[in-house]
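Atoms considered below: every heavy atom in the structure, side chains included; atoms not considered: hydrogens, waters and symmetry mates. Residue indices begin at 1 and follow the sequence shown.
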Amino acid sequence: MSAVLQKLKRFKLRALHNQKKFGVAGRNCEEVLRKGCLHFQLPVAGSTLCLYEDGTELTGDYFWSVPDDSELVLLTAGQTWQGYASDISRFLSVFQEPHAELIQAARQMLSDERAPLRQKLLADLLGTVSENIAAETRAEDAPWFEGLESRFRNKSGYLRYSCESRIRSYLREVTAGASLVVTEARGEYLRVVGAMCQKLQAARYNSSYFDRGAKASRRLCTPEGWFSCQGPFDVDDCASRHSINPYSNRESRVLFSTWNLDHVIEKKRTVVPTLAAAVHAAEGREVDWKYFYRLLFTSENLKLVHIACHKKTTHKLLCDPGRIYRAPAVPRRKRRARQRP
């Protein structure tokens with residue numbers, strides 16, 4: 001026992017509400033407590049030591065079972081500690097008015113943290129407290145625009161560009177579908193695609209879907225910029241309640257790029273081949289390009305989904321055969337001229 005008593009145990013110690021830690025070694029609780037109070041200039045009387053992780057008080061019997069380099073919190077009379085969740089609660093209490101000191105303290109905690117669960121809690125906390133959702137311009141929230149070209153001056157403008165880029169990529173795939181049509185019918189196929197292109201240009205490629213400033217009927221988010229996952233193609237809603245606000249911070253903006261605008265009736269497997277077949281087999285009928293336009297480029301057939309809800313399996317859904325061609329116009333019957341008496 002005497003050999004054990006001579007051994008020094010090492011700890012990382014900090015006082016309550018003080019993020020700065022220092023290394024301390026001692027042969028028993030009393031020695032560590034005394035050194036800690038001296039360092040932080042606190043009274044020894046009434047002070048105790050506890051584990052940072054869960055708030056367990058460090059006593060003489062428990063002292064030797066605690067691993068070296070464990071983190072301790074020094075409490076004075078009347079103070080309590082419930083584990084690292086206490087730090088989270090303290091940060092949450094000031095969420096309404098985040099300030100530089102709070103963010104700096106969270107970053108310091110994260111830089112010193114090694115436990116994966118606590119790392120994630122702190123990282124999520126830091127991401128939330130650093131949000132500047134209401135800001136719109138580069139001048140108001142410069143970190144949000146990090147890595148973007150200088151031509152993007154506001155958040156809504158960039159997100160409109162992001163949505164337009166996706167829709168333009170769909171248009172390119174539809175145009176490439178001309179290769180599925182026999183040579184004689186390619187001109188007609190490209191004419192149909194041209195009509196869609198004109199409608200897209202007039203609608204600015206439906207870029208308003210990602211613009212929180214657009215009319216409610218033209219956007220997929222709240223006025224604050226929150227998007228909710230609409231769930232996989234074969235269900236009505238997202239069971240996991242995924243949500244994101246790409247307007248909040250740079251990390252959320254980047255992460256939002258992994259969300260998909262998923263075609264319920266698949267674009268490449270179904271819609272484009274059906275359009276090509278319809279042009280080939282028209283035989284004088286007029287393809288209803290507006291129906292295909294809605295399937296390819298609008299929220300009538302597009303669902304915004306978190307990457308985890310984007311099912312890669314074949315959807316096995318078909319276009320409505322009754323809507324592929326426009327119904328022929330019914331000739332109006334001429335009224336008989338009234339005979340004069």
Side-chain angles (χ1 to χ4, degrees), residues 1-133 143 248-252 255:
M1 187 69 177
S2 59
V4 172
L5 292 174
Q6 296 301 314
K7 180 182 177 182
L8 288 170
K9 285 189 67 67
R10 303 182 309 273
F11 299 97
K12 294 176 181 177
L13 182 64
R14 68 180 176 91
L16 190 66
H17 306 320
N18 190 330
Q19 299 305 319
K20 293 183 178 180
K21 294 175 280 188
F22 85 104
V24 59
R27 296 176 177 81
N28 50 52
C29 287
E30 292 75 15
E31 185 177 356
V32 174
L33 178 63
R34 187 173 62 254
K35 290 180 178 179
C37 289
L38 180 62
H39 178 84
F40 291 112
Q41 298 183 344
L42 297 172
V44 176
S47 295
T48 56
L49 298 170
C50 68
L51 293 181
Y52 169 78
E53 183 170 353
D54 58 10
T56 302
E57 184 176 352
L58 195 66
T59 62
D61 295 336
Y62 188 46
F63 182 82
W64 292 105
S65 62
V66 176
D68 276 343
D69 296 316
S70 294
E71 185 173 343
L72 305 179
V73 179
L74 193 160
L75 304 174
T76 57
Q79 292 181 333
T80 59
W81 182 255
Q82 304 300 319
Y84 62 81
S86 297
D87 266 339
I88 305 300
S89 298
R90 181 164 59 90
F91 282 123
L92 288 172
S93 68
V94 292
F95 260 11
Q96 296 303 317
E97 296 183 8
H99 47 81
E101 290 80 5
L102 171 64
I103 295 173
Q104 183 179 0
R107 285 174 176 162
Q108 180 62 44
M109 289 176 61
L110 183 58
S111 67
D112 292 341
E113 188 53 67
R114 292 294 176 266
L117 175 58
R118 279 175 281 174
Q119 280 183 333
K120 184 176 189 311
L121 285 170
L122 287 167
D124 290 348
L125 174 67
L126 185 58
T128 303
V129 79
S130 301
E131 289 176 353
N132 195 359
I133 293 176
S248 60
N249 53 51
R250 177 180 177 274
E251 290 74 16
S252 295
L255 186 60

Quick one, [X] and [Y] - any side-chain contact, counting heavy atoms below 4.5 Å?
X    : Y    : value
K12  : L72  : no
T76  : F40  : no
P143 : N249 : no

Value rounded to 0.5 Å, distance of [atom1] in [X] from [atom2] in [Y]:
X   : Y   : atom1 : atom2 : value
L58 : L74 : CG    : CG    : 11.0 Å
D69 : K9  : CG    : NZ    : 9.0 Å
N28 : L8  : CG    : CG    : 10.0 Å
S47 : L16 : OG    : CG    : 11.0 Å

Which heavy-atom pair separates [X] from [Y] by the least distance, and what is that distance?
X    : Y    : answer
I133 : S248 : CG1-CB, 3.5 Å
E57  : Y62  : O-CD2, 3.7 Å
K21  : E71  : CD-OE2, 3.3 Å
P67  : S70  : O-OG, 2.7 Å
L33  : L49  : N-CD1, 3.8 Å
F63  : C29  : CD1-SG, 3.5 Å

- [ ] Could you list the residues that satisfy side chain to side chain donor-acceptor pair (under 3.5 Å) with T56, not counting sequence neighbours?
- [x]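 With sequence neighbours excluded, T56 shows a side chain to side chain donor-acceptor pair (under 3.5 Å) to D54, given in chain and number order.
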task: Can you sort out the partners of E31 under side chain to side chain donor-acceptor pair (under 3.5 Å), two or more places apart, ordered by chain and number?
output: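 With sequence neighbours excluded, E31 shows a side chain to side chain donor-acceptor pair (under 3.5 Å) to K35, given in chain and number order.
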Between F11 and Y52, does the ring centroid distance fall short of 6.0 Å?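 For F11 and Y52, the ring centres are not under 6.0 Å apart.
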